[in-house]
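Report on the following structure.
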Number of protein chains: 2
Amino acid sequence: MTGDDPGSPAPPVTTAPVAVDTMGGDHAPEQIIAGAVEAVRAHGLRLVLVGQAPRIRAELDRHGVAGDIPIVHAEEALAMGEGALASWRKPRSSVAVACHLIKSGRASALVSAGTTAGVVVTSRLRLKAQQGVLRPAIAVTLPTRPRPTVLLDSGATADVKPESLVQFAALGTAYAQVALGIERPRVGLLTIGAEPGKGNKVVRRAHELLAGGQQGVEFAGNIEGDDLLTCAVDVVVTDGFTGNVALKTMEGAVRMAMSELQTAIRSSPTAKMGAVLQRRRLQELRDRLDSETYGGGVLLGLNGTVVIAHGASEARGITSACVLAHDLAAGHIVERVRDQIAATRTSRFGRRHGDKDGREPRPESEQPPFAPE
Amino acid sequence: MTGDDPGSPAPPVTTAPVAVDTMGGDHAPEQIIAGAVEAVRAHGLRLVLVGQAPRIRAELDRHGVAGDIPIVHAEEALAMGEGALASWRKPRSSVAVACHLIKSGRASALVSAGTTAGVVVTSRLRLKAQQGVLRPAIAVTLPTRPRPTVLLDSGATADVKPESLVQFAALGTAYAQVALGIERPRVGLLTIGAEPGKGNKVVRRAHELLAGGQQGVEFAGNIEGDDLLTCAVDVVVTDGFTGNVALKTMEGAVRMAMSELQTAIRSSPTAKMGAVLQRRRLQELRDRLDSETYGGGVLLGLNGTVVIAHGASEARGITSACVLAHDLAAGHIVERVRDQIAATRTSRFGRRHGDKDGREPRPESEQPPFAPE
């Protein structure tokens, strides 16, 4: 593992390279490697490519950068559709090897377009949760205007306790600070009514805990589904089940709007004339909602930064994911999360350890993790 | 309570009139009464108007139909924002009085644009759940093409057990048969991945129960958020929390697409020229997604048909809601639900009464109901 990037501007030398899983994703390894090469060329990032070394070498040769980007060999890939057990069956998968690089300090972060369930389970197993973190969460950045909105959890943890939602507020706050530069992000709790009493049991209890005050978290109250895209808050907190359904529903609704528009355009010759600009605008919107453009989801709460790019990512999406991974590592996201979680524990968990039944909060780690593709 | 409707075509005389709550909604009573008058005039429906009699009389006079539509006096209204306790505090609210009309056979159904929480709680208390029904659910009809899709629960029951989701499949099947005329509706379970193991605990268990076979229910497996609008299935089953978030997210996403388009149109004079048709198309889509046009949600599982129109409903929405309420009553929705639930219980609940821990399934009625506005 040697070799510096040839590009400029050079990132701070203190940051270890970003490990890229070349074997995960619908377009692996060609598009993954193409995106990585672009990240080195255009953004001057330091990377290390993980996967089948001969194949990677051949691709780098094709791009004319053979020898410029370090390679770490891994024999196996997590197959698409492979679930929770993959991480046990494949200790030498490219994702597992990349996690090992992070643990040993030889990489600062991981980028993978592999199956979400596989990447989540493998990295949880290899990197372990940060001290005090009950469950990890995947943060995605919604393309709202004038500024983006962070939604978490978008699918790492389907069953949560209220305490996990409080922690997601802390994780999301750290993420919005580092990734988006928002100093005091406003955090909303996704539910089905503005009043504190609205929601399911878990959300109602989480509201109590958040409204009671959490150090470092700027809680702005409940928000509803139709406020996800209105910049009502900077960070939206929800469980991984609801978050994933909401995210996919949003994508489906925009896709439907696009298709309605295309029908309208096809239906009239005159309409075709002036339609180009509007169509382009909606296309842009769809692109913005597409994971490809916002760099993928980020798995927060582990001892290492993990960026999960969309399975369908092509080169451009991988480049964005590499830049995001680098920025998060350079911004010390893991340390920021640690500090946020520590503050949250001090201000609240210290006072009332356990839920209102007086039971100890279980670490939830015995629950099997379920995550979407 | 006398007087027949003057219009034609006359509905079958066997159906009692639809009770309309004139006091619920942002535009009560003017728009409610205007919508009711139109339902009588244009659709020949038999109605009974419930609310402050002098006020209703004055409005009917204004429309030139004084004396043509029967009135039942009710002094109080459920205030917007009033929650679960309203039904206890106000036994003579217009909704409570309308429920009483249904119980005594003097009305076949109820239409209200009042607060969802208030209408749900009041009608649950007054009409009671049908025998065997664990929790009621609100069904809404999504404006998908080429045919509509039923989504339930959209907000009546935030915390459910797997057995309730199985019952929602039965409720939704009956509803799609009666309201949409689909003989064997395909039912999908909303979750976060296509495989049976994907989802939270409740959904995974519900999948087992549904996949095991439920008489009268055509289970088509899991669906994800982006398939809500693609006609992948005829009926989508989910809990009231997730369903409400998904519905509002959908509305928000289409509104965002509209606003992006308007920005594009404003940004260029040439674009304005050809934009009319596309804008109208998206406007139509937004209208279709708006509750106003699909007649509102229908509360299923009680001993009576309850149509909850959108709080912002104007006359047109109320007319649609009245037509829907009439059609459901005429189609014997309550009896169809009863038969479906009975079949479901026989084929599955008879064999294993209770969940896998071996506990008796609680009727869940002790849980406080939480519903969105």
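Within every chain, numbering begins at 1; the chains are lettered A, B, ... in the order of the sequence lines, protein sequences first and strands thereafter.
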Report the distance from atom [atom1] of [X] to atom [atom2] of [Y], rounding to the nearest 0.5 Å.
{"X": "B:Lys248", "Y": "A:Asp227", "atom1": "NZ", "atom2": "CG", "result": "9.5 Å"}
{"X": "B:Ile192", "Y": "A:Phe241", "atom1": "CD1", "atom2": "CZ", "result": "6.5 Å"}
{"X": "B:Met256", "Y": "A:Arg145", "atom1": "CE", "atom2": "CZ", "result": "7.0 Å"}
{"X": "A:Glu251", "Y": "B:Leu229", "atom1": "CD", "atom2": "CG", "result": "12.5 Å"}
{"X": "B:Arg204", "Y": "A:Asp159", "atom1": "CZ", "atom2": "CG", "result": "6.0 Å"}
{"X": "A:Asp239", "Y": "B:Asn200", "atom1": "CG", "atom2": "CG", "result": "7.5 Å"}

Quick one: do A:Arg255 and B:Asp226 satisfy side-chain contact (heavy atoms from CB on, under 4.5 Å)? Show the steps, please. CA-CA 9 Å; A:Arg255 212 176 299 137; B:Asp226 48 355; 4.1 Å; yes
Show the nearest heavy-atom pair for residues A:Thr249 and B:Ala246, with the distance to one decimal.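 Heavy atoms of A:Thr249 and B:Ala246 come nearest at CG2-O, 3.5 Å.
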Provide the closest heavy-atom pair for A:Ala253 versus B:Ala253 in the form atom of the first, atom of the second, distance.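 Minimum heavy-atom separation between A:Ala253 and B:Ala253: CB-CB, 3.7 Å.
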Sequence-distant partners of B:Asn222, side chain to side chain contact (heavy atoms under 4.5 Å, CB included), two or more places apart: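 By the side chain to side chain contact (heavy atoms under 4.5 Å, CB included) rule, B:Asn222 matches B:Leu189, B:Thr191, B:His207.
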If I measure from the heavy atoms of chain B, does A:Leu190 come under 4.5 Å with its side chain, its backbone, both, or neither?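 A:Leu190 touches chain B through backbone and side-chain heavy atoms alike.
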